[in-house]
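One structure is given below, encoded as structure tokens.
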Amino acid sequence: MTVSFTRWPDDLAARYREKGYWTDLPLTDILTRHADSDACALIDGDRTFSYRALNAASDRLGAALQRQGLKRGETALVQLGNVAEFYITLFALLKIGVAPVNALFSHQRTELEAYAGQIAPALLVADREHSFFGSDETLNQFVAAHASLRVVALHNDSGEHALSTLIASEQGEFVATPTPADEVAFFQLSGGSTGTPKLIPRTHNDYYYSIRRSNEICQFTAETRYLCALPAAHNYPLSSPGAFGVFLAAGCVVLARDPSATLCFPLIEQHQINVTALVPPAVSLWLQAIQEWGSNAQLASLRLLQVGGARLSSSLAARIPAEIGCQLQQVFGMAEGLVNYTRLDDSEARILNTQGTPMSPDDEVWVADEHGNPLPRGEVGRLMTRGPYTFRGYYNSPEHNARAFDANGFYSSGDLIAIDEDGYITVQGREKDQINRGGEKIAAEEIENLLLRHEAVIHAALVSMEDDLLGEKSCAWLVTKRPVRPVEIRRWLRELGVADFKLPDRVECVESLPLTPVGKVDKKQLRQWLAARTQA
Ligand code: AMP
Ligand code: DBH
């Protein structure tokens with residue numbers, strides 16, 4: 001049994017193998033290659049795991065899950081925060097060939113249902129301290145509603161389903177059964193632009209290559225001490241080079257529950273962190289903290305700060321070397337694949353003003369006009385890409401894939417970019433209907449569909465509004481049968497179970513929504529209305 005997905009055409013697959021990108025090793029090799037090492041792999045609070053211990057823990061969990069009947073080719077829904085168990089579980093599942101969707105901790109019922117509905121998981125790994133899975137009632141309802149679920153393992157639980165019991169169990173015989181390297185290893189989450197959250201199948205071959213190549217560019221080594229302060233399951237802190245890159249290089253990952261300065265600065269000092277990854281709003285908060293506390297001394301060990309996930313302004317960028325006292329690297333990536341980095345030896349101008357260049361020589365990136373034709377160098381248009389670690393289709397979404405890919409298999413990310421004479425990319429805007437709330441992506445259509453389910457809402461449009469800290473926030477424009485208050489709308493969406501970051505920051509009611517000549521909601525006009533209302 002294997003998970004179905006859209007493969008690369010044979011000629012490209014052959015080329016990626018020939019060039020040594022695809023090595024046909026399972027992702028578990030990232031850990032098992034260090035199985036005999038007592039070097040520190042992971043620090044989570046007062047718990048420290050050597051490579052030997054991390055590998056053994058994931059073997060024990062893998063063996064326990066196999067005893068419970070889980071088999072290669074099945075799938076799992078996992079929701080864990082920034083805890084050691086996240087990596088233990090991920091490696092255990094990779095070892096037994098069960099492909100997980102790693103939901104973000106901020107996800108609630110709506111997202112979790114959507115993922116489970118798509119993959120029909122045999123296993124659920126959840127946290128009793130999460131607001132949804134913390135209640136017996138909602139947990140039992142969820143399990144009852146998904147007939148495919150046969151095994152439940154709970155973090156922060158001491159009952160019969162305790163994850164800790166499985167991790168601590170006697171290993172007995174364990175034979176790893178990872179999926180073949182050119183099959184699906186796990187699913188990444190798309191920030192999306194459609195009504196339903198989309199899943200991105202990632203193979204061992206493509207993901208392993210993206211990690212190996214990221215390590216070369218970012219120069220991760222056994223000396224690397226990486227602070228993971230963004231959500232561990234996200235593609236960026238997992239693979240660019242992220243925790244997987246650190247493990248591959250035999251360095252050390254230190255977990256932080258969130259990217260706040262109060263939490264991270266002491267961790268950086270205590271563990272002599274030399275590299276971390278942030279989104280732009282977190283950078284602003286760090287700079288503010290340094291100003292308020294009058295010192296950056298706690299950050300003395302930091303050599304490299306990666307910033308990505310959303311557009312970093314040149315002015316904020318310039319403050320990083322000056323005020324944090326470390327080097328900046330811009331990272332423009334996507335869970336779908338393509339990752340661009342500024343290089344460590346790039347000129348200051350490039351590091352401050354561009355989003356870098358693709359990491360692989362075989363990333364094919366070009367800029368299309370609205371009809372899908374190539375534009376000359378330097379002109380702004382739609383990013384089109386394919387390559388050795390860029391996916392070829394969302395899971396089970398033929399209709400959406402037909403729109404997201406061109407006839408030659410190039411993925412259209414919805415970003416508007418320009419590529420300069422030397423191949424450096426700048427992100428200029430966005431065509432996809434998505435709001436980038438400080439790196440957290442909101443698909444406008446997903447929230448609009450939910451708003452339309454409210455009994456008083458007749459029409460709904462979600463648009464971005466500028467925000468000093470987050471870059472963008474969301475504003476819901478509504479046509480309603482009766483006056484509604486913003487709190488009512490937000491409370492109602494929360495009750496439907498959507499992640500907090502997707503709740504509209506502002507709600508505006510109008511008589512009717514403006515339309516474009518073809519009759520679509522005119523979101524440009526709505527942004528102008530918002531500007532006018534804000535000024536008034
Ligand atoms: P996701 O679909 O959640 O993986 O988010 C990927 C999207 O985040 C990209 O398509 C961009 O729109 C945005 N993004 C990521 N990194 C950057 C960056 N450095 N600058 C601007 N936008 C970015
Ligand atoms: O925003 C992203 O999805 C992202 C940003 C930087 C990403 O997936 C990545 C690097 O790998």
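All values below were derived from every heavy atom in this structure, side-chain atoms included, with hydrogens, water molecules and symmetry-related copies excluded. Counting starts at 1 for both ligands and their atoms, following the listed order.
- Counting only heavy atoms of the protein, atom 8 (O) of ligand 1 lies nearest to Lys441 CE, 2.9 Å.
- Here Val331 has backbone heavy atoms under 4.0 Å from ligand 1, and that is the only part of it that gets that close.
- The residue among Ser240, Ser210, Gly242, Ser413 with a heavy atom at the shortest distance from atom 11 (O) of ligand 2 is Ser240.
- Ligand 1 has no atom lying under 4.0 Å from any heavy atom of Gln330.
- Using a non-hydrogen distance threshold of 4.0 Å, His234 registers as a contact of ligand 2.
- At under 3.5 Å, a nitrogen or oxygen of Asp415, whether backbone or side chain, sits near a nitrogen or oxygen of ligand 1.
- Atom 18 (C) of ligand 1 has its closest protein heavy atom at Ala310 O, 3.5 Å.
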_ring pair (Phe, Tyr, Trp, His ring centres under 6.0 Å), that's the test. Do Phe91 and Phe244 meet it? Break it down for me._
CA-CA 10 Å; Phe91 278 116; Phe244 270 11; 5.2 Å; yes
*Assess whether side chain to side chain donor-acceptor pair (under 3.5 Å) is satisfied between Tyr16 and Asn205, documenting all intermediate values.*
CA-CA 9 Å; Tyr16 299 152; Asn205 271 340; over 6 Å; no
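- Using cut-offs of 30° and 60° for the angle between ring planes, the Tyr207 and Phe186 rings count as perpendicular.
- An N or O contact shorter than 3.5 Å is missing between Arg430 and ligand 1 by distance.
- Counting heavy atoms only, Gly333 comes closest to atom 15 (C) of ligand 1 of the residues Gly333, Gly439, Gly308, Pro280.
- Counting non-hydrogen atoms of neighbouring residues, nucleotides and ligands closer than 6.0 angstrom, the CZ atom of Arg527 exceeds 12 such neighbours.
- Using a 4.0 Å cut-off to heavy atoms of Val339, the atoms of ligand 2 that qualify are 11 (O).
- Listed by number with element, the atoms of ligand 2 under 4.0 angstrom from any heavy atom of Ala335 are 3 (O), 8 (O).
- The residues Glu113 and Arg109 are annotated as not salt-bridged, no charged nitrogen and carboxylate oxygen being separated by less than 4.0 angstrom.
- By the criterion of a heavy-atom distance under 4.0 Å, the side chain of Lys432, and not its backbone, is placed next to ligand 1.
- Looking at atom 14 (N) of ligand 1, its nearest protein heavy atom turns out to be Gly309 O, 3.4 Å.
- Results of the side-chain hydrogen bond (donor to acceptor under 3.5 Å, both in side chains) test with Tyr394 over Gln118, Glu336, Lys198 single out Glu336 as the only residue that passes.
- In summary, the atoms of ligand 2 found under 4.0 Å from a heavy atom of Lys441, numbered by their order in the structure, are 1 (O), 2 (C).
- Every atom of ligand 1 is numbered from 1 in the order shown, and the set under 4.0 Å from a heavy atom of Ala335 is 4 (O).
- A cation-pi arrangement is found for Arg350 relative to Tyr424, the charged atom lying closer than 6.0 Å to the ring centre and inside a 45° cone about the ring normal.
- At a threshold of 4.0 Å, the pair Glu223-Arg303 does not count as salt-bridged, since none of the basic side-chain nitrogens sits closer than that to a carboxylate oxygen.
- Ion pairing of Arg15 with Glu364 is absent here, as no side-chain N (NZ or NE/NH1/NH2) approaches a carboxylate O to less than 4.0 Å.
- Under a 4.0 Å criterion applied to the non-hydrogen atoms of Gly191, ligand 1 contributes the atoms 1 (P), 2 (O), 3 (O).
- Residue Val331 approaches ligand 2 through these ligand atoms, each under 4.0 Å from one of its heavy atoms: 6 (C), 10 (C).
- Using bins of under 30°, 30° to 60° and over 60° for the plane-to-plane angle, the ring pair Tyr411/Phe391 lands in the perpendicular bin.
- Remark: the His130 side chain and the Gln79 side chain contain an N/O donor-acceptor pair separated by less than 3.5 Å.
- Protein heavy atom in closest approach to atom 21 (C) of ligand 1: Arg311 N, 3.3 Å.
- Residue Trp22 is tested with Trp8, Tyr389, Tyr208 for a ring-ring contact (aromatic ring centres under 6.0 Å, His included); the sole match is Trp8.
- The backbone and the side chain of Met334 each have at least one atom closer than 4.0 Å to an atom of ligand 1 (non-hydrogen atoms only).
- The contact set between ligand 2 and Gly333, taken as ligand atoms under 4.0 Å from a residue heavy atom, comprises 1 (O), 2 (C), 3 (O), 4 (C), 5 (C), 6 (C), 7 (C), 8 (O), 9 (C), 10 (C).
- When the shell of 6.0 Å around CD of Glu466 is examined, it contains 12 or fewer heavy atoms from other residues, nucleotides or ligands.
- Using a 4.0 Å cut-off between heavy atoms, Glu336 contacts ligand 1 through its side chain alone, with no backbone atom that close.
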